[in-house]
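One structure is given below, encoded as structure tokens.
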Amino acid sequence: MSTLTDPPKPAFRLSQLIYDTRYRSITIQVVALILIAAAFAWLINNTVQNLATLGKDFNFGFLSNPAGYDINQRLIEYDNQMSHGRAALVGILNTLLVAVLGCITATIIGVIAGVLRLSKNWVVNKLMAVYVEGFRNVPLLLWIILIFAIMTESMPQPRDFRGDDPEASMVFGESVAITNRGVYIPRLAFTNSISGNEAVAPMDGATPVASGGLDWLLILVTLGLSIAAIRFVRRRADRIQEATGIRPVTWYLQIGLLVVPFAIVAFALGMTIVKPFLQGFNFTDGIHLRNSLIALWLALSLYTGAFIAEIVRGGILAISKGQSEAAFALGLQPNRTMNLIILPQAMRVIVPPLISQFLNLTKNSSLAIAVGYMDVRATLGGITINQTGRELEGMLLLGGFYLALSLLISAGMNFYNRSTQIKER
């Protein structure tokens, strides 16, 4: 409440925007925002003028035009009469395939190598050190080309598998063929497919089989529900243990929840294994893993796994040594101590830098074009741009895809990271 004795408030002056600390930060932010907006406006205007000079406009109509080129590695149906948008989708799925496979494999390799780096066995410790330092200090592109060259030049040709006394033979029960054209592995098919696809005989006299998206969707839904049920059983066991101190035995129930529903669905669909076989000059049927995919997958996994190994080693060393000593004093074995005490605590240190490695692996997959793997960089960012002349639109779409994928990976890993943090009360 104002009184006659209160001094009058000074009027606002423009100089306060610079000299008054209450307004200075706001002034700087507003000026910076105006400058950034002006820079973007100039860039957009300059781009529009240059496109007009070249007689071009800005649109994405080219995505509906026929692509006119083939893609050797594809997860969905595609031919060269389909659109550039379809070709971009095939490339996106190929990128996601190698990124998912690479992240899973690199994590497994990194965790194992990181733990073995701390082994008291001198030979194991030094072997892991050689692996880590060797892969970290050689460019990834060289590893991709080296593995591709080994697969192409040193593996047997398909004709070497022919004859009564062949020079090469299939492995794992005559079901996997490793050749200089790639690796052929069995595939799963269904004699009672619900997808409506026409069943075909894999070889003379064999039972006709088919495979479709609805079959795999049903299997994935079944596995998802089984995993959800297993998590419910585990949480119930945790609550009982916290209340009584005794944990009920649930391993047989968890195995049953995972195996029984899957077995019922597989039996209903008539799931069968179709092995590759030599026909003519090459193997047919089964799943063909091309050398380009294998080289890119292994190189990304081994290269990124070396970095993850050091992250895991650092996370384990960050845990107090007293934790291990207390576990040993309670009679826990070293492997149980690592699995139950050390690694769960180390995850809080491991996960944040692990996110960066997953992002690096995903973006490094764009090196696939070096060995002819048709990822999104080769389709949308390569052939499509060369054929349509839409380099600006193509690069914007390509950058937007990598940005969205990176943000999705980061969001998912950050969600997991929050679940591993210590819950404060």
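Excluded from the calculations below are hydrogen atoms, water molecules and symmetry mates; all remaining heavy atoms, backbone and side chain alike, are included. Because the structure is predicted, anything quoted here is derived from the model rather than measured.
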Next on the checklist: Any carboxylate oxygen within less than 4.0 angstrom of a Lys/Arg side-chain nitrogen, looking at Arg86 and Glu77?
Outcome noted: no
Checklist entry - Hey, mind stepping through Asp285 and Gln279 against side chain to side chain contact (heavy atoms under 4.5 Å, CB included) and telling me if it holds? => result CA-CA 9 Å; Asp285 225 320; Gln279 186 179 49; over 6 Å; no
Checklist entry - Between atom CD1 of Ile369 and atom OG of Ser292, what is the distance when rounded to the nearest 0.5 Å? => result 12.0 Å
Next on the checklist: Using the rule given for side chain to side chain contact (heavy atoms under 4.5 Å, CB included), can you reason through Leu405 versus Leu96, listing the C-alpha separation, both sets of side-chain angles and the distance that settles it, and then say yes or no?
Outcome noted: CA-CA 9 Å; Leu405 182 58; Leu96 294 176; 3.6 Å; yes
Item to check | Residue pair Val376 / Thr95: nearest heavy atoms and the distance that separates them | outcome: N-OG1, 3.0 Å
Checklist entry - Any sub-3.5 Å donor-acceptor pair from Asn414's side-chain atoms to Ser410's backbone N or O? => result yes
Checklist entry - Please walk me through it: do Met338 and Leu343 pass side chain to side chain contact (heavy atoms under 4.5 Å, CB included)? => result CA-CA 6 Å; Met338 180 63 67; Leu343 280 180; 3.8 Å; yes
Next on the checklist: Can a donor-acceptor pair be found, under 3.5 Å and without considering hydrogens, that links the side chain of Asn125 to the backbone of Arg117?
Outcome noted: yes
Item to check | Non-hydrogen side-chain atoms of Leu127 and Tyr131 separated by less than 4.5 Å | outcome: no
Next on the checklist: Here's a test for you: under side-chain contact (heavy atoms from CB on, under 4.5 Å), which of Met395, Glu391, Arg390 qualifies with Glu393?
Outcome noted: Arg390
Item to check | pair Met271-Ile219: side-chain heavy atoms closer than 4.5 Å | outcome: yes
Checklist entry - Would you call Asp160 and Gln157 a side-chain contact if the rule is heavy atoms closer than 4.5 Å? => result yes
Checklist entry - Any side-chain heavy atom of Leu97 sitting closer than 4.5 Å to one from Gln73? => result yes
Checklist entry - Do the side chains of Ile273 and Leu188 get nearer than 4.5 Å, heavy atoms only? => result yes
Next on the checklist: Donor-acceptor check, side chain of Thr191 to backbone of Gly270, threshold 3.5 angstrom: yes or no?
Outcome noted: yes
Item to check | Side-chain heavy-atom pair Val98, Asp375 within 4.5 angstrom cut-off | outcome: no
Item to check | Test item: Phe283 and Val183 side chains (from C-beta on) under 4.5 Å apart, heavy atoms | outcome: no
Checklist entry - Is the Trp143 ring parallel, tilted or perpendicular to the Phe135 ring (thresholds 30°, 60°)? => result parallel
Item to check | Check: Ile341 main-chain N/O paired with Gln345 side-chain donor or acceptor under 3.5 Å | outcome: yes
Item to check | Side-chain donor or acceptor of Asn291 paired with backbone N/O of Gly182 under 3.5 Å | outcome: yes
Checklist outcome for this item: Residues Asn72 and Gly372: closest non-hydrogen pair is ND2-O, 4.0 Å
Checklist entry - How far apart are the closest heavy atoms of Ala113 and Ala309, and which atoms are they? => result CB-CB, 3.7 Å
Checklist entry - Going from CZ on Phe262 to CG on Leu257, what distance comes out if it is rounded to the nearest 0.5 angstrom? => result 15.0 Å
Next on the checklist: Looking at Leu146, I want to see if its CG is surrounded by more than 12 non-hydrogen atoms of other residues, nucleotides or ligands under 6.0 Å.
Outcome noted: yes
Checklist entry - Closest heavy-atom contact between Phe358 and Ile308? => result CE2-CD1, 4.3 Å
Checklist entry - Can you check whether Trp216 reaches Phe190 side chain to side chain, under 4.5 Å on heavy atoms? => result yes
Checklist entry - Rounded to the nearest 0.5 Å, what separation is found between the CG atom of Leu225 and the CG atom of Leu258? => result 12.0 Å
Checklist outcome for this item: Taken to the nearest 0.5 Å, the spacing of Thr304 OG1 from Leu354 CG works out to 10.0 Å
Checklist entry - Which heavy atom of Val274 sits nearest a heavy atom of Ala189, and at what distance? => result CG2-CB, 3.8 Å
Next on the checklist: Test your reading of the model: is there a side-chain donor-acceptor pair from Ser366 to the backbone of Lys363, 3.5 Å cut-off?
Outcome noted: yes
Checklist entry - Does one side chain, of Thr379 or Tyr69, offer a donor that lies under 3.5 Å from an acceptor on the other? => result no
Item to check | Ile311 CD1 to Ile316 CD1 distance, which is reported to the nearest 0.5 Å | outcome: 12.5 Å
Checklist entry - Hey, is CZ on Phe58 packed in by over 12 heavy atoms from elsewhere, all under 6.0 Å? => result yes
Checklist outcome for this item: To the nearest 0.5 Å, atom CD of Gln357 lies from atom SG of Cys103 at 10.0 Å
Checklist entry - Does atom CZ of Arg236 have more than 12 heavy-atom neighbours, drawn from other residues, nucleotides or ligands, at distances under 6.0 Å? => result no
Checklist entry - Would you say the side chains of Tyr303 and Asn360 form a donor-acceptor pair under 3.5 Å? => result no
Next on the checklist: Taking Asn94's backbone N and O only, do any of them form a donor-acceptor pair with Tyr373's side chain (distance below 3.5 Å, no angle check)?
Outcome noted: yes
Checklist entry - Taking all atoms of both residues into account, what is the closest heavy-atom pair of Ala306 and Arg136, and its distance? => result CB-CG, 3.6 Å
Checklist entry - Side chain of Asn46, backbone of Trp42: donor and acceptor closer than 3.5 Å? => result no
Item to check | Worked verdict on Phe62 versus Thr384 for side chain to side chain contact (heavy atoms under 4.5 Å, CB included) | outcome: CA-CA 9 Å; Phe62 69 96; Thr384 294; 3.7 Å; yes
